[in-house]
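Residue numbers count from 1 along this sequence.
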Amino acid sequence: TYTGDGNRDLTLRGKPIVVLGTAGPAETILECGGTEEEPHRGFRLTDGEGPDSRIVGLTVTGGFAAGRLPECYGGGILCMGSSPTIEDCWIVGNRSGHFGGGMVCYEDASPTLRRVRFLDNEAVNNGGGFGSKMRCSPLLVDVVFAGNSAKRGGAFWAFKAGATIENATFYGNEAPIRASGLFTNEAEVRIRRSIIAASRGSMVMTCTVPRTVRVRDCIFFDNDEGDALPRCAIDQGGNRSVDPLFVDPENGDFRLRDGSPCIPESDEDPRIGARL
């Protein structure tokens with residue numbers, strides 16, 4: 001566990017380098033120690049980093065984003081004007097005074113995230129787990145959003161931006177006002193082969209502009225306001241309401257039991273949900 005100055009508010013200075021936790025996120029932890037009075041986050045990526053700038057195998061926890069814009073964005077990671085690669089990381093228990101409790105993409109930032117878990121993050125306003133704002137197009141593959149919360153977009157929020165989400169698992173995210181799962185505001189979002197379950201407090205998905213979210217081969221189950229797609233979303237087929245048969249979701253085990261409808265029966269069928 002790494003704490004204190006030199007182990008938080010990290011920058012890559014635009015360099016194509018790898019920050020690697022060789023033992024993986026369970027063993028390599030950045031404890032940011034951020035508070036509203038003394039905000040800190042894990043990473044501040046604002047120097048034009050590209051895909052060869054990589055963060056791999058870390059847990060980022062205890063971040064708190066506060067202050068003037070954009071410093072109040074992204075409790076765990078702020079990615080602004082850069083497009084790094086983030087893999088095999090856990091973004092856990094971070095908070096934002098505005099939006100993006102776990103992570104934010106802002107102004108021409110299009111990172112790639114693979115096998116990343118957003119757990120128990122919180123934003124005061126929008127995007128408890130993840131936020132994307134202004135000309136961003138992040139790619140999220142094999143990601144988990146669980147236990148995140150915000151007023152709107154408990155797990156995910158996008159504004160005047162795009163996003164592609166593939167093989168994601170959403171579970172137990174919460175928003176009391178709007179969109180416990182995904183809230184899109186003038187944003188083009190594609191979500192495929194994903195599970196959205198046990199969303200609490202409001203409708204699972206809300207789009208402020210009709211036909212801007214495309215949904216394909218997804219499973220919706222046990223969401224507070226029902227499992228039907230909102231009329232603003234484009235149903236591209238293959239969407240169902242059925243129990244995904246997680247092993248032990250209440251204790252964070254989102255592996256699939258034998259017989260799960262998310263496990264492909266043949267090579268032609270898509271796998272649904274995050275590969276864990």
Side-chain angles (χ1 to χ4, degrees), residues 23-27 56-57 59 61 86-93 102 113-121 128-130 139-149 153-156 163-175 179-182 189-205 213-230 233 235-276:
E27 301 290 337
V56 183
T59 288
T61 189
I86 301 174
E87 298 174 317
D88 301 302
C89 288
W90 299 351
I91 315 299
V92 182
L113 282 70
R114 298 185 186 275
R115 300 175 300 280
V116 176
R117 301 186 186 193
F118 291 89
L119 309 175
D120 301 320
N121 301 287
F130 188 96
L139 171 63
L140 296 85
V141 181
D142 288 318
V143 296
V144 174
F145 290 93
N148 303 286
S149 62
F156 181 94
T164 298
I165 303 171
E166 298 181 351
N167 289 101
T169 295
F170 294 73
Y171 186 88
N173 300 288
E174 183 176 0
S180 50
L182 295 92
V189 174
R190 294 184 296 175
I191 179 167
R192 305 167 179 161
R193 300 184 298 277
S194 297
I195 304 168
I196 305 179
S199 302
R200 302 302 180 219
S202 58
M203 191 171 184
V204 66
M205 185 185 300
V213 177
R214 292 169 169 81
V215 185
R216 182 173 182 176
D217 295 324
C218 291
I219 283 181
F220 296 82
F221 180 71
D222 188 32
N223 297 292
D224 267 2
E225 298 296 322
D227 299 325
L229 282 178
D235 185 343
Q236 294 189 309
N239 302 302
R240 294 176 286 166
S241 177
V242 62
D243 189 344
L245 296 180
F246 294 124
V247 170
D248 188 5
E250 296 304 321
N251 290 301
D253 189 343
F254 301 108
R255 293 175 299 163
L256 301 172
R257 288 185 271 152
D258 291 343
S260 168
C262 305
I263 299 174
E265 296 181 0
S266 69
D267 293 339
E268 288 76 30
D269 296 329
R271 179 187 172 87
I272 300 173
R275 297 173 179 89
L276 300 173

Chemist: Can you tell whether the side chains of Arg193 and Asp217 come within less than 4.0 Å, N to carboxylate O?
Modeler: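 The answer is no: the pair does not qualify as a salt bridge.
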Chemist: Taking 4.0 angstrom as the limit, do Asp88 and Arg115 come out as a salt bridge?
Modeler: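 Answer for the salt bridge query: yes.
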Chemist: What's the verdict on side chain to side chain contact (heavy atoms under 4.5 Å, CB included) for Ile195 and Cys262, showing C-alpha distance, side-chain angles and the deciding distance?
Modeler: CA-CA 9 Å; Ile195 304 168; Cys262 305; 3.5 Å; yes
Chemist: Under the side chain to side chain donor-acceptor pair (under 3.5 Å) definition, can you give me all pairs with a residue in residues 254-264, not counting sequence neighbours?
Modeler: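 Passing the test, one end in residues 254-264: Asp253-Arg255.
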Chemist: Is there side-chain contact between Cys218 and Ile191, with at least one heavy-atom pair below 4.5 Å?
Modeler: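 Yes, close enough: below the 4.5 Å cut-off.
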Chemist: Contact between Asn148 and Asp120 at the side-chain level, heavy atoms closer than 4.5 Å - yes or no?
Modeler: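 The answer is no, as the side chains (C-beta and beyond) never meet within the 4.5 Å cut-off.
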Chemist: Just so I know, are the side chains of Ser199 and Glu174 near enough to count as touching, which here means a heavy-atom distance under 4.5 Å?
Modeler: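 Of all side-chain heavy-atom pairs linking Glu174 with Ser199, none is under 4.5 Å.
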Chemist: When Leu119 is tested against each of Val92, Thr61, Thr59 for side chain to side chain contact (heavy atoms under 4.5 Å, CB included), which residue passes?
Modeler: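 In the set Val92, Thr61, Thr59, the residue that makes a side chain to side chain contact (heavy atoms under 4.5 Å, CB included) with Leu119 is Val92.
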Chemist: So, using ring-ring contact (aromatic ring centres under 6.0 Å, His included) as the criterion, who are the partners of Phe156 when residues are at least two apart?
Modeler: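 Only Phe130 meet the ring-ring contact (aromatic ring centres under 6.0 Å, His included) criterion with Phe156.
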Chemist: Apply salt bridge (charged side-chain N to carboxylate O under 4.0 Å, His left out) to Asp222 and list each qualifying residue two or more places apart in sequence or on a separate chain.
Modeler: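 Checked Asp222 against salt bridge (charged side-chain N to carboxylate O under 4.0 Å, His left out); matches are Arg200.
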Chemist: Applying ring-ring contact (aromatic ring centres under 6.0 Å, His included), name anything that partners Phe220, two or more places apart in sequence or on another chain.
Modeler: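 Not a single residue meets the ring-ring contact (aromatic ring centres under 6.0 Å, His included) criterion with Phe220.
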Chemist: What ring pair (Phe, Tyr, Trp, His ring centres under 6.0 Å) pairs are there with at least one residue in residues 257-276, not counting sequence neighbours?
Modeler: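 Non-adjacent pairs meeting ring pair (Phe, Tyr, Trp, His ring centres under 6.0 Å): zero.
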Chemist: Go through the structure and list residues passing ring-ring contact (aromatic ring centres under 6.0 Å, His included) with Phe221, not counting sequence neighbours.
Modeler: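 Counting only residues at least two positions away or on another chain, Phe221 forms no ring-ring contact (aromatic ring centres under 6.0 Å, His included).
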Chemist: Can we call the ring centroids of Phe145 and Tyr171 under 6.0 Å apart?
Modeler: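 Phe145 vs Tyr171: aromatic centres not under 6.0 Å.
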